[in-house]
Amino acid sequence: MAERFDAIVIGAGQAGPALCARLDKEGLKTALIERKLLGGTCVNNGCIPTKTMVASARAAELARRGGDYGFGSGSVRVDMKAIKRRKDQVVRHSSENLKKWIAGMKHVSLVRGQAAFVGRKRVRVKGRELEAERIFINVGARAAVPDMPGVKEVPFLTNSTMMGVDFRPPHLVIVGGSYIGLEFAQMYRRFGSEVTVVEKAPKLLGREDDDVAAEIRAIIERSGIKIRTDAECMALKKKGKRIAVTLECKGGKPVAEGTHVLLAVGRTPNTADLGLREAGIETDERGYIKVDDECRTSAEGVWALGECNGKGAFTHTSYNDYEIVAANLFDGDKRRISDRIQTYALFIDPPLGRAGMTEAEAKKSGKRVLVGKMPMTRVGRAREAGETQGFMKVLVDADSKELLGAAILGMNGDEVVHSLLDMMYAKRPYSTIQRAMHIHPTVTELIPTMLGDLKPLE
Ligand SMILES: Cc1cc2nc3c(=O)[nH]c(=O)nc-3n(C[C@H](O)[C@H](O)[C@H](O)COP(=O)(O)OP(=O)(O)OC[C@H]3O[C@@H](n4cnc5c(N)ncnc54)[C@H](O)[C@@H]3O)c2cc1C
């Protein structure tokens with residue numbers, strides 16, 4: 001006999017616990033199934049630990065730059081065990097809070113184990129069978145391991161195993177020059193490792209505008225990180241105590257050697273072992289669960305939220321999926337995935353804050369587009385802080401005067417971009433920002449000036 005619930009949530013990631021809180025509030029008897037760590041990727045081996053380590057790396061860098069600010073701190077000695085301890089403490093704080101939150105939900109039972117569908121509304125976990133009319137999948141994704149020669153013979157690190165590292169790799173080779181790879185690259189360079197980034201494509205961060213990607217490359221290279229783009233036919237090889245990543249680049253030595261290799265080449269959804277076929281749930285060719293604009297799967301009464309639905313690869317997109325599902329189910333509020341505006345940050349230093357369209361997307365939209373750009377050297381607050389790398393850029397619809405996109409690559413760019421993002425949601429013309437009085441001295445106060453000098457996008 002299967003145990004009956006009103007709802008089952010599979011995965012305690014970024015949508016699952018919040019959804020459970022709402023199901024609890026509605027008085028629905030709910031089972032939350034988690035096979036590993038509460039809080040999933042973000043809490044345990046994604047956002048929270050990496051941003052904690054990014055903070056340590058930034059502090060070390062500022063100490064090294066003491067002379068620029070008029071003080072001397074001697075030579076900087078990085079203690080990797082202490083950095084890991086600090087990271088573990090911050091992670092523990094989040095996961096313990098989450099544990100308490102879930103334990104306080106009256107109608108929610110936490111079930112530990114790997115869940116898989118055994119029928120349309122039925123799930124098996126550790127020999128138990130659970131049944132519910134509503135099932136919510138929040139199983140996330142994991143680091144993809146590319147099928148490259150040598151990958152089975154040579155030890156490599158992923159974002160998850162990096163979390164256990166309490167030493168400084170003498171030379172870290174990072175395969176993948178995108179968001180995750182670059183955050184680790186700068187962090188470990190600042191901890192004192194030699195770092196080489198190997199990227200298959202001709203540029204880093206393939207989805208970003210060329211000027212943004214080029215400026216980020218310059219920032220990264222300025223810190224002494226070596227970058228090899230156009231790397232084709234990659235393979236891993238052991239070379240005594242060292243590891244070599246062979247590559248055929250258009251120029252330079254066709255090999256990158258180091259002591260440790262981190263693979264950061266994308267993510268794979270955790271859907272292969274979920275028994276989706278048993279429940280009539282369709283996936284795409286990459287294994288992402290197909291959903292409609294309200295996160296409903298092809299099976300009636302089953303929703304998929306977060307990274308596993310392929311509609312977003314961030315904590316905020318997963319949480320937003322929860323908000324959409326809850327609004328539609330309980331509030332009579334027709335919220336939709338297609339209503340959201342893409343936004344994210346790359347947490348290098350200085351960070352990149354992005355909102356809305358890139359230049360390529362704006363051009364494709366068929367709109368008449370205006371662009372405004374300002375180097376951070378013109379921002380007083382950045383000069384005062386001695387952090388003038390990067391630039392700000394904004395895209396505007398020449399006809400409606402609404403903002404289409406923004407890239408703030410510079411000091412506080414991850415925060416500043418929200419002032420533009422909120423204006424996009426409000427659908428207000430950019431002149432609204434120009435009429436607002438901003439605080440001096442801030443980065444944001446220069447946005448109206450940038451908007452005062454718009455030119456047609458070529
Ligand atoms: C290094 C790194 C840094 C990142 N930094 C950021 C950042 O700064 N900002 C940001 O927005 N995003 C960041 N991300 C992305 C972010 O962490 C993920 O997009 C987010 O965690 C996805 O959330 P989710 O709810 O889809 O699933 P997850 O958080 O991945 O949770 C899924 C949960 O489901 C469980 N599970 C899986 N299968 C089963 C099963 N069959 N049965 C039971 N349980 C199961 C898993 O154990 C896991 O706990 C980062 C990712 C990485 C790797």
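When a ligand or atom number is given, it counts from 1 through the structure's own listing order. All values below were derived from every heavy atom in this structure, side-chain atoms included, with hydrogens, water molecules and symmetry-related copies excluded.
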Practice problem: Return yes if some donor-acceptor pair links the side-chain N/O of D293 with the main-chain N/O of S338 below 3.5 Å, else return no. | Solution: yes
Quiz item: Of the protein's non-hydrogen atoms, which lies at the shortest distance from atom 21 (O) of ligand 1, and what is that distance?
Solution: C42 N, 3.2 Å
Self-check item: Straight-line distance of D321 CG to I337 CD1, nearest 0.5 Å
Solution: 5.0 Å
Quiz item: Looking only at atom types and distance, does a side-chain atom of R267 sit under 3.5 Å from a main-chain N or O of A141, one as donor and one as acceptor?
Solution: yes
Exercise. Let me see the working for R381 and E387 under salt bridge (charged side-chain N to carboxylate O under 4.0 Å, His left out), right down to the final yes or no.
Key: CA-CA 9 Å; R381 183 62 184 275; E387 298 189 28; over 6 Å; no
Quiz item: Hey, is N138 touching ligand 1 through its side chain, its backbone, both or neither, going by heavy atoms under 4.0 Å?
Solution: both
Quiz item: How about H171 and Y188: are their ring centres within less than 6.0 Å of each other?
Solution: no
Practice problem: Determine, using ring centers only, whether F136 and Y322 are less than 6.0 Å apart. | Solution: no
Exercise. Using a strict cut-off of 4.0 Å, indicate which atoms of ligand 1 neighbour a heavy atom of T50.
Key: 1 (C), 3 (C)
Exercise. Give a yes or no answer on whether the side chain of D284 reaches the backbone of Y288 with a donor-acceptor pair at less than 3.5 Å.
Key: yes
Quiz item: Which bit of Y344 is near ligand 1, meaning a heavy atom under 4.0 Å away: side chain, backbone, both or neither?
Solution: neither
Self-check item: Nitrogen or oxygen atoms of N270 and ligand 1 under 3.5 Å apart
Solution: no
Quiz prompt | Geometric N/O contact L305 with ligand 1, under 3.5 angstrom | solution = no
Practice problem: Could you tell me if any non-hydrogen atom of D273 lies under 4.0 Å from any atom of ligand 1? | Solution: no
Quiz item: Quick one: which ligand 1 atoms are inside 4.0 Å of a heavy atom on G306?
Solution: 26 (O)
Quiz item: Is there a donor-acceptor contact under 3.5 Å from the side chain of E215 to the main chain of G390?
Solution: yes
Quiz item: Can you check whether N328's main-chain N or O pairs, donor with acceptor, with R335's side chain at less than 3.5 Å?
Solution: no
Self-check item: Validation row: E194, K226 side chains within 4.5 angstrom (heavy atoms)
Solution: yes
Quiz item: Numbering the atoms of ligand 1 from 1, which are under 4.0 Å from a heavy atom of L274?
Solution: 41 (N)
Quiz item: In the protein, what heavy atom is nearest to atom 22 (C) of ligand 1, and what distance, to one decimal place, separates them?
Solution: E307 OE1, 3.3 Å
Quiz item: What protein heavy atom sits nearest atom 30 (O) of ligand 1, and how far away is it?
Solution: T41 OG1, 2.6 Å
Quiz item: In the protein, which heavy atom is nearest to atom 53 (C) of ligand 1, and how far is it?
Solution: N159 ND2, 3.2 Å
Quiz item: Of all the non-hydrogen atoms in the protein, which one sits nearest to atom 23 (O) of ligand 1, and at what distance?
Solution: Q14 CG, 3.2 Å
Quiz item: Quick one: does G113 get a heavy atom under 4.0 Å from ligand 1?
Solution: yes
Quiz item: Heavy atoms only: which of K36, H316, E34, R112 is nearest to atom 47 (O) of ligand 1?
Solution: E34
Practice problem: Decide yes or no on ring-ring contact (aromatic ring centres under 6.0 Å, His included) for H107 and F5, but give the supporting numbers first. | Solution: CA-CA 10 Å; H107 306 284; F5 287 86; over 10 Å; no
Exercise. Enumerate the atoms of ligand 1 whose separation from the nearest heavy atom of I33 is less than 4.0 angstrom.
Key: 43 (C), 44 (N)
Quiz item: For atom 14 (N) of ligand 1, what is the nearest protein heavy atom, given as residue, atom name and distance?
Solution: C47 SG, 3.9 Å
Quiz item: Where the side chain of D24 meets the backbone of K106, is there a donor-acceptor pair that is under 3.5 Å apart?
Solution: yes
Quiz item: Which protein heavy atom lies closest to atom 15 (C) of ligand 1, and at what distance to 0.1 Å?
Solution: A313 O, 3.5 Å
Self-check item: L37 contact mode with ligand 1 (heavy-atom cut-off under 4.0 Å)
Solution: backbone
Quiz item: Partners of D414 by salt bridge (charged side-chain N to carboxylate O under 4.0 Å, His left out), sequence neighbours excluded?
Solution: none
Exercise. Go through ligand 1 atom by atom and flag the ones less than 4.0 Å from a non-hydrogen atom of R267.
Key: 53 (C)
Self-check item: For atom 37 (C) of ligand 1, the protein heavy atom that lies nearest, with its residue and separation
Solution: V139 O, 3.2 Å
Quiz prompt | N/O separation below 3.5 Å, A115 to ligand 1 | solution = yes
